[in-house]
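Scroll down for the structure; my scribbles are underneath it.
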Amino acid sequence: MMQSKVKFQSVSFKRRLGSMLKVDFHRMLKSRLFYIIIACSLVMPILMTVMMAMMDGSVSVDPQTGVETVMQGPENTWQNIGTLPGGEAMGGNEIFMMCNINMAFMLVAVFICLFISDDFRSGYAKNLFTVRAKKGDYVISKTLAGFVCGALMLIAYLTGSLLGGAIAGLSFDLHGLNIGNVVMCMIAKIFLMLVFVSIFVLISVAAKQKAWLAICGSLGGGMLLFMMVSLITPIGSTLINVALCAAGGALFAFGLGAISKAVLNKTSLV
C-alpha cells in the first residue's frame, strides 16, 4: 500500500501581506467611522472659514473692564493650509495657526486607535494571529491603512478649505508663491503623516482593547511633534521638504513598526 504524502506549503510574505491588506481595506471601507472622519475633515474648514468671515468686524466688550475687542476674520483662503509670506498680520491668523490642516494629523489618531482596539475587543486579532497572519504583517497592514486614511483626510481638508474660501469670498493670492509650492506642501504633509501613523499604531497595539488609553496616549504623543509640522511642511515647501518628510516617514515606519511587532510578541493578545 502506498502512503500518501502530505505537503505543507509555506505562504510567502507577499501573499500574506496582500491578504491582510485586502481584509483591512475592506473593513476600513465598510466602516462608518472612516466616512465620518473624512466628512469631518471636509466640513470643518468650510464651517470654520465661513463662520469666521461672517464674524469679521464684530465687536465684543469685556463687562468688567469695558475694553472692546474687534474680531478679525480670515483674509486669504490659504490661511487654512499655512502662513503665507508676509501674511503674519492677516486677520484671524492666530486662530488658523492652530486650527488648520495640521489638525488632520491628530484626528487620524482616533481612527487608528478605534480600528485596532476593535480587533482586540472582538477577539479578531487573536484568531487572526493563530490561523492566518503574522504579527509583522498585521503592523504593516494597519500602518498602510492608517496612512491612506490620513492622506485622504489631508486631501479632504484641502478641498474643504478651497470651498470655504470660495463661499466666503476670500482671496486666493499666494503672495509670491506658486501652485507648485502648495502641491509640494501637500505631498510633504502626506509623507509626514506616516510618522504620526507609526506612533499611533505602536500606542494602539500596546493598549490593545483599551481604546480610551490608546486615544489619550496617541494624542499626547502626537502633540510632542504637532508644533513641528508647520515648520517641516510650510506652504512654501520645495523638493527638500518632500525628501525630508519621505525619509522621516520611512524611518519611523520601519523603526516603530519593528517595536510594534516586538510589543505584540511580548504581550498577551487579550
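- Within the structure, the ring-ring contact (aromatic ring centres under 6.0 Å, His included) test picks out the following pairs touching residues 182-238 (sequence neighbours left out): F105-F196.
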(Q) Let's go through N80 and M48 carefully: what are the C-alpha distance in whole Å and the side-chain angles of both, what is the deciding distance for side-chain contact (heavy atoms from CB on, under 4.5 Å) to 0.1 Å, and is it a yes or a no? (A) CA-CA 9 Å; N80 258 315; M48 187 169 62; 3.5 Å; yes
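- Remark: side-chain polar atoms of N181 are paired, donor with acceptor, to backbone N or O of N178 under 3.5 angstrom.
- Residue L21 is grouped with residue V201 when hydrophobic side chains (ILVMFWY) are merged at heavy-atom distances under 4.5 angstrom, including chains of intermediate members.
- Both I38 and F25 are members of a single hydrophobic cluster when ILVMFWY side chains are connected at heavy-atom separations under 4.5 Å.
- Checked by atom type and distance alone, the side chain of S117 never pairs as donor or acceptor with a backbone atom of K208 at under 3.5 Å.
- For V182, the side-chain contact (heavy atoms from CB on, under 4.5 Å) test picks out W78, L174, I179, I235, with sequence neighbours left out.
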Would you give me the side-chain donor-acceptor pairs under 3.5 Å for residues 143-154, sequence neighbours excluded?
| from | atom 1 | to | atom 2 | distance (Å) |
| --- | --- | --- | --- | --- |
| T143 | OG1 | V139 | O | 2.8 |

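- No donor-acceptor pair under 3.5 Å is formed between the side chain of S141 and the backbone N or O of D137.
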(Q) I'd like to know whether M44 forms a side-chain contact (heavy atoms from CB on, under 4.5 Å) with L107, so could you lay out the CA-CA distance, the side-chain angles of the two residues, the decisive distance to 0.1 Å, and finally the verdict. (A) CA-CA 12 Å; M44 275 195 306; L107 287 175; 3.2 Å; yes
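- Among pairs with a residue in residues 190-200, none fulfils side chain to side chain donor-acceptor pair (under 3.5 Å), at least two apart in sequence or across chains.
- Taken together through direct or relayed side-chain contacts under 4.5 Å among Ile, Leu, Val, Met, Phe, Trp and Tyr, V23 and F34 form part of one hydrophobic cluster.
- Annotation for C245 and I232: closest pair SG-CG2, 3.5 Å, computed over non-hydrogen atoms.
- Across all non-hydrogen atoms, the minimal contact from L158 to I101 is N-CD1, 4.3 Å.
- Taking the side chain as every heavy atom from C-beta outward, L219 and M106 approach each other to under 4.5 Å.
- The side-chain contact (heavy atoms from CB on, under 4.5 Å) search around I167 returns I46, V50, not counting sequence neighbours.
- Residue pairs meeting the side chain to side chain donor-acceptor pair (under 3.5 Å) criterion with at least one partner in residues 236-262, sequence neighbours excluded, are T238-N241.
- Residues L114 and M193 share a single hydrophobic cluster, defined by chaining ILVMFWY side chains whose heavy atoms lie under 4.5 Å apart.
- Between L194 and G249, the shortest heavy-atom contact is CD2-O, 3.4 Å.
- Here the closest non-hydrogen pair linking S161 and P45 is OG-CB, 3.6 Å.
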Q | Verdict with reasoning, K142 to D24, per side-chain contact (heavy atoms from CB on, under 4.5 Å) | A | CA-CA 7 Å; K142 286 296 186 288; D24 274 341; 2.7 Å; yes
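- Under the 4.5 Å side-chain heavy-atom criterion for Ile, Leu, Val, Met, Phe, Trp and Tyr, L213 and M223 are members of distinct hydrophobic clusters.
- Through side-chain heavy atoms spaced under 4.5 Å, either directly or across other Ile, Leu, Val, Met, Phe, Trp or Tyr residues, L244 is tied to I240.
- Between the S31 side chain and the R27 main chain, no donor and acceptor come within less than 3.5 Å of each other.
- For L231, there are no side-chain contact (heavy atoms from CB on, under 4.5 Å) partners at least two apart in sequence or on another chain.
- Residues meeting the ring pair (Phe, Tyr, Trp, His ring centres under 6.0 Å) test with Y157, sequence neighbours left out: none.
- Interatomic distance, M184 CE to L177 CG, rounded to the nearest 0.5 Å: 13.0 Å.
- A pairwise comparison of heavy atoms in L202 and V205 identifies O-CG2, 3.2 Å as the closest pair.
- Looking at V229 and K189, their side chains come closer than 4.5 Å, going by heavy atoms from C-beta outward.
- At least one donor-acceptor pair under 3.5 Å links the side chain of N76 to the backbone N or O of D173.
- Here R121 pairs with D118 under the salt bridge (charged side-chain N to carboxylate O under 4.0 Å, His left out) rule; sequence neighbours left out.
- Other residues sharing a hydrophobic cluster with I36 under the 4.5 Å side-chain heavy-atom criterion for ILVMFWY residues do not exist; the residue is a singleton.
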For residues 250-259, dump all side-chain donor-acceptor pairs below 3.5 Å to protein atoms at least two apart in sequence or in another chain.
none

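- For Y138 against L264, the heavy-atom pair with the smallest separation is CD2-CD1, 4.0 Å.
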